[in-house]
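Read the structure below first, then the notes.
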Amino acid sequence: MTPRSARSPASNRLRRALPGWFFLIPALLLFIVFSWWPILKGFQLAFFEVSYTEDVASRFVGLKHFRSLLSDDLFFLSWWNVIYFTVLALIIGFLVPVVLAISINEMRHVQGLLRLTYYLPAILPVVVVSVLWKYIYAPKEGLLDSVIQLVGGMPVRWLNNPDTAMLSLVIMSTWKNAGATMIIYLAALQGVPEQLYEAAELDGAGLWQRLRHITFPQIRPIMLILLILQILGTMQLFTEPFVMTGGGPNNRTLTVMMYIYNAAFRYFDTGLAAAMGIVLFLALAGLTAVYFFILKRSERSLV
Amino acid sequence: MTGVSETKSALSLSVALATRSRTLISEADLKQAGGRWFYRAVLALLVLGGLTAVIPFVWGVLSALKAPSEIFTFPPQFFPKPASNPLEWGWGNYLDALQKIDFVKYFINTIVLAAGVWVMHLFPTALAGYAISKLDHPFKRAIATAFFATLMVPFTAVLIPLFMTVRDLPLLHLNLVDRAWGYFAVILPAGVNAFNIFVFKSFFDEIPNDLIDAARIDGAGEFRIFWSVAVPLSVSIIAVLSIFSFMATWNDFLWPYLVISDTNRYTVMLKLYYFQKQADIPANIVMAALILTTLPPIVVFLFFQKHILRGISLSGLKF
């Protein structure tokens, strides 16, 4: 072995790593400045007194912000609201796209048109949908209340009524989001091997049995994934209540995200807002970890 | 990496959408009288449900053609007056809204912003995805893991520290929220997109290494190989991600709302938000503005329907 050839693998490796650096550096710089650094900063801010005007974390205060959250009724109310929204959205909305996808997948007529129709609300921007439904929900004279009165009911006063305000948001977001989820289920249904249905039929399995023992087990992994994605989405609810109710009436639609926003940009208490962000982060990170775990496991079962 | 085969199978599956294959119900089921009636009942229910899916939007389109007093009435009226003569409906309201909201100006703003965001959504991510998939690098695995780990961090959880970061960039101490910096406070953070890196990486994984090696032997540099071998082979995925990038910019609200302070630089959605909050704008004009701001996404959707429906199976893994 000559000295030259002993040296060359090392320099070779360096030379081969160079293009790699070149390709990675733009993304690395962006991630450092706009992702990894802010994540660390979020943890720092939560333990400091922050002066909003100077943007400096001036004084270490330990767990002070977290302690004040513990005695903050509004903080607990915002979590209660978000959990209430999430549970209600699951009860009302989780199965709708599944049922839609399974039945539309069977249609021999106007299938494309049906798919398009149910997908339409998903194309509309959130702000547009929120304003549109604010008018639909308008008390007494809005579309919904006037139809209810027409058939002899009492006006519900949807968004103005503390008992129905959150329910109104759930109905609207189900209407808006079911279509996109349905498309994902449709794609999953296309992947169910037809031999399974044929074999089941030969064994004399009826419609319900085929549905229960073939269709559902085949789309279960994707259902689980979409379940978690839906929870992750609803826990971060912001724009809809921000545009439609501003968190009212009586803070009944104040979500965690809105409260963080208020703390930071209305009360200028950045440290407190950051502490709330950490709590949200930890709650969602747990869910996200479960999500990736399932993703990984279902991947293995597919291979 | 997680989800590769998910992504791939989702892609290949949606290609299969075109051809009808055997599903839950067989043709034999449909030939029986009971099966036929069941099928018809389900179809009827689906059509009814489809009506509820479009009625709110259609109501918005029609309400924009009414006089303000006709929108909130009892009993409710679905069609503008006179219902028999659509020519006399308030079509001018749409023109009115177009002018009042200064649509063209904010449309151009949004397009400019979307172009910038598009660059950040695609270029750094494609480069990084290519490096992770095809290049030798001593810390490749660690860096890839650090990229993909950010998928675990919901955007809203870093909202406050990210806002403070763009107000005071580390080391440089620049305030990107300042109007002098235009859209940079929106555009630069858009480069943090681990999902796109992941999609590119799994797409580049499909390109045979032999092809890359052959180009190397021919003396092509790494960037040249990336640009004239990998990118042309990925046009379909670039199209999907581009459409999603545009839609995201058009619809985005919270982040632009926080960092675009210059009223002349508002996006359409920001302008719409402030417009509908004004007390002196009648409801029919607001409705017309709502419908107008929805047209670009609808047009894009109708043009790129196939791409989008295929892409949704991808974005199902996104949050």
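Here the structure is a predicted model, which is why all the values come from computation and not from measurement. Sequence lines set the chain letters: A, B, ... in the order given, protein chains first and strands last, and positions in each chain run from 1.
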> Is chain B contacted by the side chain of K140(A), its backbone, both, or neither, given a heavy-atom distance below 4.5 Å?
Replying inline: neither

> Taking every heavy-atom pair that is under 4.5 Å apart, which of A131(B), G50(B), G191(B) has the most such pairs with chain A?
Replying inline: G50(B)

> Side chain, backbone, both or neither: which part of Q77(B) has an atom under 4.5 Å from a heavy atom of chain A?
Replying inline: neither

>> Please classify the contact of I102(A) with chain B as side chain, backbone, both or neither, using a heavy-atom distance under 4.5 Å.
In response: side chain

>> Which one wins on heavy-atom pair count under 4.5 Å against chain A: Q276(B), M247(B), M120(B)?
In response: Q276(B)

> So which of V147(A), L143(A), L284(A), I39(A) has the largest heavy-atom pair count under 4.5 angstrom toward chain B?
Replying inline: L143(A)

>> If I compare all heavy atoms of I136(A) with all of P56(B), which pair ends up nearest, and what's the gap?
In response: CD1-CB, 3.6 Å

> If you take all heavy atoms of A264(A) and I160(B), which pair is closest and at what distance?
Replying inline: CB-CD1, 3.3 Å

>> Test of understanding: with salt bridge (charged side-chain N to carboxylate O under 4.0 Å, His left out), list the residues that count as partners of R216(B), not counting sequence neighbours.
In response: D213(B), E222(B)

> So which part of L272(B) gets closer than 4.5 Å to some heavy atom of chain A, the side chain, the backbone, both or neither?
Replying inline: side chain

> L43(B), V54(B), T52(B), V300(B): which one forms the most heavy-atom pairs within less than 4.5 Å of chain A?
Replying inline: L43(B)

> Which residues satisfy the ring-ring contact (aromatic ring centres under 6.0 Å, His included) test with Y137(A), sequence neighbours excluded?
Replying inline: W133(A), W158(A)

> Would you say the side chain of M107(A) lies within less than 4.5 Å of the side chain of V42(B), judging by non-hydrogen atoms?
Replying inline: yes

>> Quick check against the 3.5 Å criterion: does Q236(A) have a side-chain atom that pairs as donor or acceptor with the backbone of P154(B)?
In response: no

> For chain B, which of L116(A), V126(A), I214(A), V110(A) has the most heavy-atom pairs under 4.5 Å?
Replying inline: L116(A)

> What closest approach, in Å, do P124(B) and P26(A) show between heavy atoms, and which atom pair accounts for it?
Replying inline: CB-CB, 4.1 Å

>> Testing the basics here: between I25(B) and R108(A), what is the closest heavy-atom pair and its distance to 0.1 Å?
In response: O-NH2, 2.9 Å

> Among L28(A), L280(A), I32(A), which has the most heavy-atom pairs under 4.5 Å with chain B?
Replying inline: L28(A)

> Does any heavy atom of chain A fall under 4.5 Å from the side chain of L171(B), the backbone, both, or neither of them?
Replying inline: neither

> Measuring heavy-atom distances to chain A, does S63(B) have an atom under 4.5 Å in its side chain, in its backbone, in both, or in neither?
Replying inline: neither

>> Would you say that T165(B) contacts K41(A) through its side chain, given a criterion of any heavy-atom pair below 4.5 Å between the two side chains?
In response: yes

>> Less than 4.5 Å apart, side chain to side chain, heavy atoms only: is that true for T293(B) and P125(A)?
In response: no

>> Could you tell me if the side chain of Y118(A) sits less than 4.5 Å from the side chain of L46(B), heavy atoms only?
In response: yes

>> If you count heavy-atom pairs within less than 4.5 Å of chain B, which of L207(A), I260(A), T215(A) leads?
In response: L207(A)

> Is the gap between the ring centers of F22(A) and H137(B) under 6.0 Å?
Replying inline: no

>> Check the orientation of Y257(B) and F242(A). Use parallel for under 30°, tilted for 30 to 60°, and perpendicular for over 60°.
In response: perpendicular

>> Counting neighbours of CZ on F139(B) that are heavy atoms of other residues, nucleotides or ligands and sit closer than 6.0 Å, is the number greater than 12?
In response: no

> If you count heavy-atom pairs under 4.5 Å with chain A, which of D136(B), T294(B), I143(B), V158(B) comes out on top?
Replying inline: D136(B)

>> I want to check something: taking the side chain as every heavy atom from C-beta on, are T23(B) and Q190(A) in contact at a cut-off of under 4.5 Å?
In response: no

> Checking Y135(A) side chain against F72(B) main chain: does a donor-acceptor pair fall under 3.5 Å?
Replying inline: no

> Which region of F238(A), side chain (C-beta onward) or backbone (N, CA, C, O), has a non-hydrogen atom less than 4.5 Å from a non-hydrogen atom of chain B, or is it both or neither?
Replying inline: side chain

> If you count heavy-atom pairs under 4.5 Å with chain A, which of T156(B), I132(B), L45(B) comes out on top?
Replying inline: T156(B)

> Would a line drawn from the ring center of Y261(A) to the ring center of F163(B) be shorter than 6.0 Å?
Replying inline: no

>> Among I123(A), L124(A), V128(A), which residue satisfies the side-chain contact (heavy atoms from CB on, under 4.5 Å) criterion with P297(B)?
In response: I123(A)

>> What I'd like to find out is whether the side chain of V129(A) reaches to under 4.5 Å of the side chain of L290(B), using heavy atoms alone.
In response: no

>> What part of E201(A) gets within 4.5 angstrom of chain B, counting heavy atoms only: side chain, backbone, both, or neither?
In response: side chain

>> If you count every heavy atom of other residues, nucleotides or ligands that lies below 6.0 Å from R40(B) atom CZ, does the total exceed 12?
In response: yes

> Taking the side chain from W175(A) and the backbone from A53(B), do they hold a donor-acceptor pair closer than 3.5 Å?
Replying inline: yes

> With only heavy atoms counted, which part of A289(B) is less than 4.5 Å from chain A, the side chain, the backbone, both or neither?
Replying inline: neither

> Contact part of L127(B) toward chain A, heavy-atom cut-off under 4.5 Å: side chain, backbone, both or neither?
Replying inline: both

>> If you compare all heavy atoms of A146(B) against all heavy atoms of W36(A), which two are closest, and at what distance to 0.1 Å?
In response: O-NE1, 3.4 Å

> Just wondering, do Y291(A) and L151(B) contact through their side chains at under 4.5 Å, heavy atoms?
Replying inline: no

